[in-house]
Amino acid sequence: GENVGLHLPTLSVQEGDNSIINCAYSNSASDYFIWYKQESGKGPQFIIDIRSNMDKRQGQRVTVLLNKTVKHLSLQIAATQPGDSAVYFCAETSGAGSYQLTFGKGTKLSVIP
Amino acid sequence: KAGVTQTPRYLIKTRGQQVTLSCSPISGHRSVSWYQQTPGQGLQFLFEYFSETQRNKGNFPGRFSGRQFSNSRSEMNVSTLELGDSALYLCASSTEQGAIYGYTFGSGTRLTVV
């Protein structure tokens with residue numbers, strides 16, 4: 001796909017299992033974090049976000065965990081489906097007035113039917 | 001409701017040429033941001049436009065420029081193309097200036113420089 005890099009971390013999971021994708025960020029001033037999903041030939045699609053005053057947020061089949069102490073973000077996908085196969089990016093920003101996102105390198109998730 | 005439209009989808013150019021890419025935001029969205037995506041560097045911020053003014057610029061050389069029109073459509077231009085400019089160029093639109101919370105991305109323009 002267009003977004004696959006030579007050194008892109010990969011994760012393979014069986015259909016129906018839970019997936020955990022991890023991301024480390026570097027800017028301690030970041031106060032807003034987003035997970036995006038990018039399928040081949042498409043732009044990033046918003047999955048879920050979280051603000052720095054929270055440590056957990058849940059959506060439909062997805063949960064984001066934020067650990068500010070170690071500057072770590074994770075995305076959990078429950079009951080992973082073939083349609084979840086994509087590259088997942090975390091992104092961070094320092095919030096209002098920042099005007100830009102800083103993206104992580106991405107993780108390619110492959111779901112085995 | 002139409003999404004963010006980027007044209008063309010694919011483009012092949014020769015080193016030294018220039019190129020113009022177009023982005024039509026979602027109706028009502030006034031902020032347009034551009035990102036470059038490469039396998040080596042990932043997604044990197046180029047610039048953001050709001051009300052026809054560039055509000056923020058990433059760390060790219062001056063060969064990369066852009067503009068926004070009164071209808072919020074935006075174009076980006078790359079002059080004197082280099083092989084390293086080969087990338088997927090993505091634009092994202094949102095309602096307010098710097099409103100990253102409501103970012104919606106287009107599918108991108110794949111630029112290949114030969």
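Letters go in sequence order (proteins before strands), and every chain restarts at 1.
Side-chain N or O atoms of Lys105(A) include none that pairs as donor or acceptor with a backbone N or O of Leu43(B) at under 3.5 Å.
For Tyr35(B) and Phe103(A), the gap between ring centers is short of 6.0 Å.
For the atom pair CD (Gln100(A)) and CZ (Arg55(B)), the distance works out to 15.0 Å, reported to the nearest 0.5 Å. The distance from atom OH of Tyr103(B) to atom CG of Asp49(A), rounded to the nearest 0.5 Å, is 14.0 Å.
Nearest heavy atoms, Leu90(B) versus Gly43(A): CD2-CA, 3.8 Å.
Counting heavy-atom neighbours within 6.0 Å of Gln14(A) CD, excluding the residue itself, gives a total above 12. Residue Asn59(B) places its CG atom among 12 or fewer non-hydrogen atoms of other residues, nucleotides or ligands, all under 6.0 Å distant. Atom CZ of Arg63(B) sits in a crowded spot, with more than 12 heavy atoms from other residues, nucleotides or ligands closer than 6.0 Å.
With sequence neighbours left out, the ring pair (Phe, Tyr, Trp, His ring centres under 6.0 Å) criterion links Tyr25(A) to Phe33(A).
In the hydrophobic clustering of this structure, Ile20(A) does not group with Tyr36(A); members are Ile, Leu, Val, Met, Phe, Trp, Tyr whose side-chain heavy atoms approach within less than 4.5 Å, directly or through other members.
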